[in-house]
Every structure is written in C-alpha cells, then in structure tokens.
S.K.: 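Mind having a look at this structure? Questions to follow.
Being a predicted model, the structure only gives us computed values, none of them experimental. Scope of the values below: all heavy atoms of this structure, side chains included, with no hydrogens, waters or symmetry mates.
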Amino acid sequence: MMSLDHRDAIVQNLEAAGCSTEMIENFLQCLDENQKEKQLELLEIHREQLLAEVHKEEKKISCLDYLIYQIKK
C-alpha cells in the first residue's frame with residue numbers, strides 16, 4: 001500500500017501541474033486500482049492541453065515580435 005506522504009506528494013505535483021480536482025480524483029482512483037495505463041492516459045491528455053495553451057501563447061508572442069520588428073524598421 002502507498003504511504004500517505006507519497007500520495008500527498010502525487011496530489012501536490014498534480015495540483016502544481018494545473019490539474020483539475022476531477023482529474024486528480026480520477027488519477028487517484030486509477031492509482032488505487034493499479035490502472036497504470038489509465039493514469040498515463042490522463043497525464044497525456046493534460047499534457048496535450050497544456051501544450052495547446054503554450055502554442056496559443058507563442059502565437060501571441062510572434063504577433064508582438066512582428067509588430068516590434070515593423071516599428072523598428
């Protein structure tokens with residue numbers, strides 16, 4: 001059985017990664033049921049969502065960089 005400290009560390013890490021309460025609860029249920037494939041699937045889905053947000057922000061930065069370039073020209 002997993003120690004409470006280890007479980008708390010997992011929750012803390014998931015929270016720091018921006019996971020929702022629902023996702024954390026699902027992850028912990030999978031942990032309790034030893035469903036590693038489902039855990040990995042949940043993490044991958046969240047990772048893809050984070051990357052999509054990063055790409056949106058990168059596009060905004062590129063637009064600003066273009067404007068800066070045009071002004072300095």
S.K.: What's the separation between atom CG in Leu43 and atom CD in Glu48, rounded to the nearest 0.5 Å?
M.R.: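 Here the rounded value is 11.5 Å.
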
S.K.: Report the distance from atom CD of Glu53 to atom CD of Glu57, rounding to the nearest 0.5 Å.
M.R.: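 Between Glu53 CD and Glu57 CD, I get 7.0 Å after rounding to 0.5 Å.
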
S.K.: Among Glu25, Lys36, Lys38, find the one that has a side-chain contact (heavy atoms from CB on, under 4.5 Å) with Cys30.
M.R.: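 Answer after filtering Glu25, Lys36, Lys38: Lys38.
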
S.K.: Just how far is it from atom CD of Glu44 to atom CD of Glu37, taken to the nearest 0.5 Å?
M.R.: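 It comes to 12.0 Å.
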
S.K.: Taking all atoms of both residues into account, what is the closest heavy-atom pair of Leu31 and Ile10, and its distance?
M.R.: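 Scanning both residues completely, I find the closest heavy atoms to be CD2-CD1, 4.0 Å.
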
S.K.: Would you give the length of the straight line joining atom CD of Glu15 to atom OG of Ser20, rounded to the nearest 0.5 angstrom?
M.R.: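 Output value for this atom pair is 10.5 Å.
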
S.K.: Using the side-chain contact (heavy atoms from CB on, under 4.5 Å) rule, pick out the option among Val11, Leu14, Asn13 that qualifies with Cys19.
M.R.: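 The passing option is Leu14.
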
S.K.: Is there a side chain to side chain contact (heavy atoms under 4.5 Å, CB included) between Arg47 and Leu51? Walk through the geometry before answering.
M.R.: CA-CA 6 Å; Arg47 184 178 186 279; Leu51 282 173; 3.3 Å; yes

S.K.: Is it true that a side-chain atom of His46 and a backbone atom of Ala17 form a donor plus acceptor pair closer than 3.5 Å?
M.R.: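 Judged by distance alone, yes, a pair lies under 3.5 Å.
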
S.K.: Calculate, to the nearest 0.5 Å, the distance between atoms CD and CG belonging to Gln29 and Leu42 respectively.
M.R.: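 With rounding to 0.5 Å, CD (Gln29) is 10.0 Å from CG (Leu42).
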
S.K.: When rounded to the nearest 0.5 angstrom, what is the spacing between CG in Leu40 and CZ in Phe27?
M.R.: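 Leu40 CG to Phe27 CZ: 8.0 Å, rounded to 0.5 Å.
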
S.K.: Is Gln12 atom CD crowded by more than 12 heavy atoms from other residues, nucleotides or ligands, each under 6.0 Å away?
M.R.: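 Count not over threshold, so no.
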
